[in-house]
Protein chains: 2
Amino acid sequence: MDQEQAQPTRREFLSMVGAVGGAALMYQAMAMMGVAKASSYNGPIQLGQAPEGTKVLILGAGLAGMVAAMELRDVGYEVEVLEYREKAGGRCWTLRSGDTYEELGGAVQQIDFAEGNYFNPGPWRIPYNHYGVLDYCARLAVELEPFIQINNNAYLHSASAFDGRPIRYREINTDYRGHIAELLSKVTDQGALDEVMTDEDKERLLTSLRSFGALNSDNEYVASGSASARRGYERYPGGGVDGAPIPNDPMDLSTVLESGLWRSLASAESLNTSMPMFQPRGGMDMIARAMEENLNGLIRYNKKVTSILQDDDGVTVTFEDGENGGASGTATADYCVCTIPFSILGQIEHNFSSSLSSVISTMHYASSVKVGLEFNRRFWEEDEHIFGGITYTDLPISMISYPSNDYFQKKPGVLLGAYSWGATSYQFSSLPHEERVAKALEYGAQIHPQYNEEFKTGVSVAWHRVPWVLGCYGLWQDKEAQYQDAVAMDRRVVMAGEHLSYLPAWMEGAILSSLDAITRLHDVATNN
Amino acid sequence: MDQEQAQPTRREFLSMVGAVGGAALMYQAMAMMGVAKASSYNGPIQLGQAPEGTKVLILGAGLAGMVAAMELRDVGYEVEVLEYREKAGGRCWTLRSGDTYEELGGAVQQIDFAEGNYFNPGPWRIPYNHYGVLDYCARLAVELEPFIQINNNAYLHSASAFDGRPIRYREINTDYRGHIAELLSKVTDQGALDEVMTDEDKERLLTSLRSFGALNSDNEYVASGSASARRGYERYPGGGVDGAPIPNDPMDLSTVLESGLWRSLASAESLNTSMPMFQPRGGMDMIARAMEENLNGLIRYNKKVTSILQDDDGVTVTFEDGENGGASGTATADYCVCTIPFSILGQIEHNFSSSLSSVISTMHYASSVKVGLEFNRRFWEEDEHIFGGITYTDLPISMISYPSNDYFQKKPGVLLGAYSWGATSYQFSSLPHEERVAKALEYGAQIHPQYNEEFKTGVSVAWHRVPWVLGCYGLWQDKEAQYQDAVAMDRRVVMAGEHLSYLPAWMEGAILSSLDAITRLHDVATNN
């Protein structure tokens, strides 16, 4: 072989693979070369055939439960799903006009939104890298549309900065980037990096900082066309006689730092919150509805599980049957997938192993409150040109998220008007519903004074008071120590749900947990 | 008055204004307080009534011409529009299956896309702050959907970096931010900023850099959960037994700097390219079609203007009438709005002032080439999880833009496979159409090897060879010196179009120019 023969380039190699093995093999080669794999989802699960006559009981018709039910059914298991509520979905939940929501303590809300409007109390956005959720949406024909996570024209707000005036994201972002680029340029010029960088790298660094920070040719961040092209103008570029733009003045660094508004500048950097993101058209529960429809008849509703007992022969679950006046009922199976949140499961009789029982009893659930506000007019679009995206604030509402649908429509719109966590959320949850809404309105009006004029109706959900979950997601006492005990198959029962994942509070965590759980259940069932 | 009485807060003030004057006045107050105004578009134009029996001839049925025609008609002018082509829109243009495009020199392309697919050779995205375009879309009921400008999962690519392997945007972005944040933290700790910042600001700066750059608690940018949560993992977070993520290693700064890939890190920072952006559902020419329909019958097609002459009494335009075998025709009016690109206008007989004539004859038009590529399979989504957004490369194609529509569909999709400017564009435009497409495929396959397997059909448009514009937008010889001469009303004729704006090449520039031009025309007509 000729020593001089060149190695094939990456493209030549892949072309050769493609020519020999087709697109599928080429994709495998790409994945091996590090191009593709960016998720823990491995594509549609391949379980192999179920042992004949094997039944699996699934507790909970949330996403984890329904995924388990669909996949196990598809390979031949007999499947029965017991669900506490009158419908499926769990936290994948959407409220629309005509819906009713009763919170712990008995307070009832009647939802009264305009036609087509909705509010997602639970999951509300799907990251592009949550491949499991996206794949089930594709397979079940759930239509997705972009969710706008980052909006340069939304606000950053602090009650204690700029006299409480909200500042456009682009102004803080441009000014912060500009100032830190200028500072780093200056100290580089002064020799501060001489010992850690080559001259060549320093030169590249300076060039890169000019582009990154919109600096002028002297590496300064000052009022200029390039800074204004990002942060905004005193007079915007236009057409005709007065078309020439006039730059505006950046804020100085001290002002930006003191404001604290830089705290939200990384809000769209994380894999879970970076563009593009998606939402189902019409509400998040379109996913749950599609799964529910797919499971056609396999879910039994209004069944409140009261005990889960297993022995060498199988699993026996008893429940109060809401469709039979609360009478006791029983279901049995060879195996069980339990997706009941540990906050609820801890109150149910069971004979799980002591290690699993210990996790169940020590897991707490995060408290959070969401408030949805419907306004008669989409003033955030009409007056302020904010189309989707999120305004962040240090007020107890923490954010205002604008709808990523029905843009430019002359009709009422629903905002996420408060999303509070932990102790802050108690400021809302301790109040009657009407006062929670009033509080969200009062805070939000500091950012959008139009709130006072345009308010139509509101809805509030305090997750720690939602009867069927008592919190919004599982918090571990000691995840590192407890995790394997909790995910391990406990004889004939395996747990699944977002709480048994490293993507807690995300639908993807629930799905990945479920796929892993049924893989192990199937192994046990096959080898028994 | 009590000295102690507090000033009303901003919100209290606005509430008072709202209570007294309603939402409209409150919005005015907000605008005065700097909240709202972020465009040169002032809302629907208010011209007042036309002088009775006054006719305006409009040359060109692009966006500038059609906006002028709609607005002048609406206030009572008699309006006639002459258009060179067989349809309206000008550069607001979409190619679909069945369309034909003949370039200078006679080469004809027959477009053969799958049903519903399209390619926009001209404008392809609308910034959220192009309020003029958005307002006309709203008024004409053009449905808009988000255009994904920034995609963390798209690639940055250089033929001379990483052995030609494309790198995900999130990796370069996270690593660049992380390293510059670490450098600035280090020198701050070492005292390099002691003379320019207070201790308090330094502390805030350090805290902010940790958040901005995903640094660890020692202000270092290293493999960690927080860095991986942005750039990606060695093993991604999942569910069940193997759910725990494993962080991956960032690139070192020198590698990032040497790659040059940081050049695209500000690509979504500018007002013209920052999220959210929009596109009309179904193709950009939905805007042109809506205007055309609104002008119902006022546009005369296939009229090639050959002279524009004015005197004290009016304007006379002669044209070759393509609907009458090329016979000469004449149109007269009191005034004229001329939106013919100067590249074309320079070849037409006229008696404009010498100052305007001088601008017309010295304006050049930018050369650019776009290539649209249709593939049988949306492999960028299926294999690589890229949903919309743009991959940037230093290859002559300069970028690959993925469609912001029909996500997740199992059908062919159309990419923007090349967008080349200036001298680079001649590498494509000098070739026959088929070879341009082949060249775009060859380059693009370095990024997406699937190109070779999945290619279906292509279209190429070299703007400097498009017969009715001869370039993609106007380039001034000396804009500062010439601009007012060109936008000034020249007796009875006024020029309009993107070339007469400070938003060149954007539809917004054409619209704002047109609105300014007709405002001045109306002033002259009213005062004559």
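Only a predicted model underlies this, so the values are computations on that prediction, with no experimental measurement involved. Chain identifiers are assigned alphabetically (A, B, ...) following the order of the sequence lines, protein sequences preceding nucleic acid strands; residue numbering begins at 1 within each chain.
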What part of [X] is in contact with chain A, defined as an atom under 4.5 angstrom from a non-hydrogen atom: side chain, backbone, both or neither?
X      : answer
B/N173 : side chain
B/F379 : neither
B/T207 : both
B/I148 : side chain
B/L209 : both
B/M197 : side chain
B/Y128 : both
B/L205 : both
B/Q409 : neither

**Message:** Please identify, among B/G388, B/A244, B/A488, B/A268, the residue contributing the most non-hydrogen atom pairs under 4.5 Å to chain A.
**Reply:** B/A244

**Item:** B/E269 and its salt bridge (Lys or Arg N to Asp or Glu O under 4.0 Å) partner, picked from A/R230, A/R231, A/R177, A/R170
**Value:**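 By the salt bridge (Lys or Arg N to Asp or Glu O under 4.0 Å) criterion, B/E269 pairs with just one of A/R230, A/R231, A/R177, A/R170: A/R177.
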
Side-chain donor-acceptor pair present, [X], [Y], cut-off under 3.5 Å:
X      : Y      : result
B/Y41  : B/D135 : yes
B/Y155 : B/E384 : yes
A/N129 : A/S39  : no

**Asked** B/N151 versus A/M275: any side-chain heavy-atom pair under 4.5 Å?
**Response** no

**Message:** Under the rule for side-chain contact (heavy atoms from CB on, under 4.5 Å), what residues qualify as partners of A/A192, not counting sequence neighbours?
**Reply:**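 side-chain contact (heavy atoms from CB on, under 4.5 Å) list for A/A192, sorted by chain: A/V187, B/V187.
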
**Non-neighbouring partners of A/E200 that pass side-chain contact (heavy atoms from CB on, under 4.5 Å), sequence neighbours left out** =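 Scan of A/E200 (side-chain contact (heavy atoms from CB on, under 4.5 Å), adjacent residues dropped) gives A/T198, A/R204.
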
